[in-house]
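No hydrogens, no waters, no symmetry mates; every other heavy atom, side chains included, goes into these values. All ligand and atom numbering here is 1-based and tracks the order in the structure. Numbers here simply count residues along the sequence, with the first being 1.
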Amino acid sequence: MAEIVKVHVEAGLAMVTIDRPEALNALNDETLAGLEAAFTALGNDKSVRAVILTGAGKAFVAGADIKAMAENTPREARAFARRGHQVFSLIEDFPHPVIAAVNGFALGGGCELAMACDLRIASEKARAGQPEVKLGIIPGFGGTGRLPRLVGRGRALELLLSGDPIAAAEAHRIGLVGAVVPQAELLSYSRAWLAKALANAPLALGLVMEAVDVGLEAGLEAGLRFEAAAFALCAATGDGREGTRAFLEKRRPVFAGK
Ligand code: DAK
């Protein structure tokens, strides 16, 4: 059987595509296992410096697989939710930037998957939302935790309580996605964005991502202490010295990732 999650690595950039268009890339056990295997392998691949995650066809991901979970017992439902949390946390903790290139529907578990990525870039065709309450359930893959952190409590509750999807422009307005681009330019825009970020010092990129997460999870005071320690670490790196010296010498820095 063909792989549901396809991975292609080129010049340090991994393209991960969920390819189950007949079910609008809905997340079943096999798809979650495919995502887990892909991000585990990419995390062990020293050549990889960034990931773009997208969906094949007209959907990014249209949610958790409703057919697969329709008959779940409460115990199975909890296990499914915890499995989703585990896989999405793996993506969230990935040591390099992960962009969700949202090419179409990002509903329920699909919106939650996009939110587990570091950045979201949407095509004009994208639609996002948390429709679970229309199905008599609530988000099970992190939506109640990540959506308010991204867009604020009030806007999160508008989406979570109405269950209504929003268009790409509205998702941009409320900060759910960082940019909206024409469908044909979604991947090239995402690649170009990453190329620009990856020209910066590699160790600094990793530390800034870590510091943001520590600050959000452990609170401001612990976050500030971590920031100061990470800042001190930068002063001990060759890249830290090269970047500041290059500025003073009015030339482009050459970062070695050391
Ligand atoms: N699951 C399974 N199949 C899906 C699906 C989904 N989420 N979304 C679409 N499909 C399937 C359709 O059934 C259809 O299959 P066939 O009938 O051809 O066999 C095929 O994909 C094409 O879909 P449509 O024919 O409906 O395509 P349209 O363009 O007409 O409509 C749509 C696109 C996205 C508006 C529509 O498909 C739709 O409304 N889909 C469902 C969207 C949705 O409600 N998604 C959120 C699911 S809830 C939890 C764990 C996780 C979660 C919750 C609880 N526990 C463990 C308790 C998370 C839940 C969700 O994600």
Q.
I'd like the name of whichever of G140, P131, G109 reaches closest to atom 44 (O) of ligand 1 through any heavy atom.
A. P131
Q.
Among all the protein's non-hydrogen atoms, which is closest to atom 57 (C) of ligand 1, and how far away is it?
A. A77 CB, 3.7 Å
Q. Nearest non-hydrogen atom to atom 60 (C) of ligand 1 belongs to which of A64, A59, P21, A70?
A. A64
Q) Looking at atom 17 (O) of ligand 1, is any protein heavy atom nearer than 4.0 Å to it? A) no
Q: Using a strict 4.0 Å cut-off to heavy atoms of D65, name the atoms of ligand 1 that fall inside it.
A: 1 (N), 2 (C)
Q. To which protein heavy atom is atom 38 (C) of ligand 1 closest, and what is the distance rounded to 0.1 Å?
A. L107 CD1, 4.8 Å
Q. For ligand 1, is any non-hydrogen atom under 4.0 Å from A62's backbone (N, CA, C, O), its side chain (CB onward), both, or neither?
A. both
Q) Nearest heavy atom to atom 49 (C) of ligand 1: which of E76, R127, M69 does it belong to? A) M69
Q) At a 4.0 Å cut-off, with the gap strictly under it, does some heavy atom of L27 reach an atom of ligand 1? A) no
Q: Indicate, as side chain, backbone, both or neither, the part of E22 found under 4.0 angstrom from ligand 1 when only non-hydrogen atoms are considered.
A: backbone
Q.
In the complex you have, is atom 30 (O) of ligand 1 within reach of the protein, judged by whether a heavy-atom distance drops under 4.0 Å?
A. no
Q | R146 versus M115, closest heavy-atom pair with distance | A | CD-O, 3.8 Å
Q. side-chain hydrogen bond (donor to acceptor under 3.5 Å, both in side chains) with T54: which of N103, T17, D19?
A. N103
Q: Can you measure from CZ (R20) to NZ (K6) and round to the nearest 0.5 angstrom?
A: 12.5 Å
Q. Short check: is a protein heavy atom less than 4.0 Å from atom 23 (O) of ligand 1?
A. yes
Q. How close does the nearest protein non-hydrogen atom get to atom 10 (N) of ligand 1, and which residue and atom is it?
A. A23 O, 3.8 Å
Q.
Could you check whether atom 7 (N) of ligand 1 has a protein contact, counting only heavy atoms that fall below 4.0 angstrom?
A. yes
Q. Looking at atom 27 (O) of ligand 1, what's its closest protein heavy atom, distance included?
A. K58 NZ, 3.7 Å
Q. Can you find a protein heavy atom closer to atom 34 (C) of ligand 1 than 4.0 Å?
A. yes
Q) When only distance counts, is E112 in polar contact with ligand 1, meaning an N/O pair under 3.5 Å? A) no
Q: Have a look at N72, L24, I66, L135 and point out the one with the heavy atom closest to atom 41 (C) of ligand 1.
A: I66
Q.
Under 4.0 Å from atom 4 (C) of ligand 1, can you find at least one protein heavy atom?
A. yes
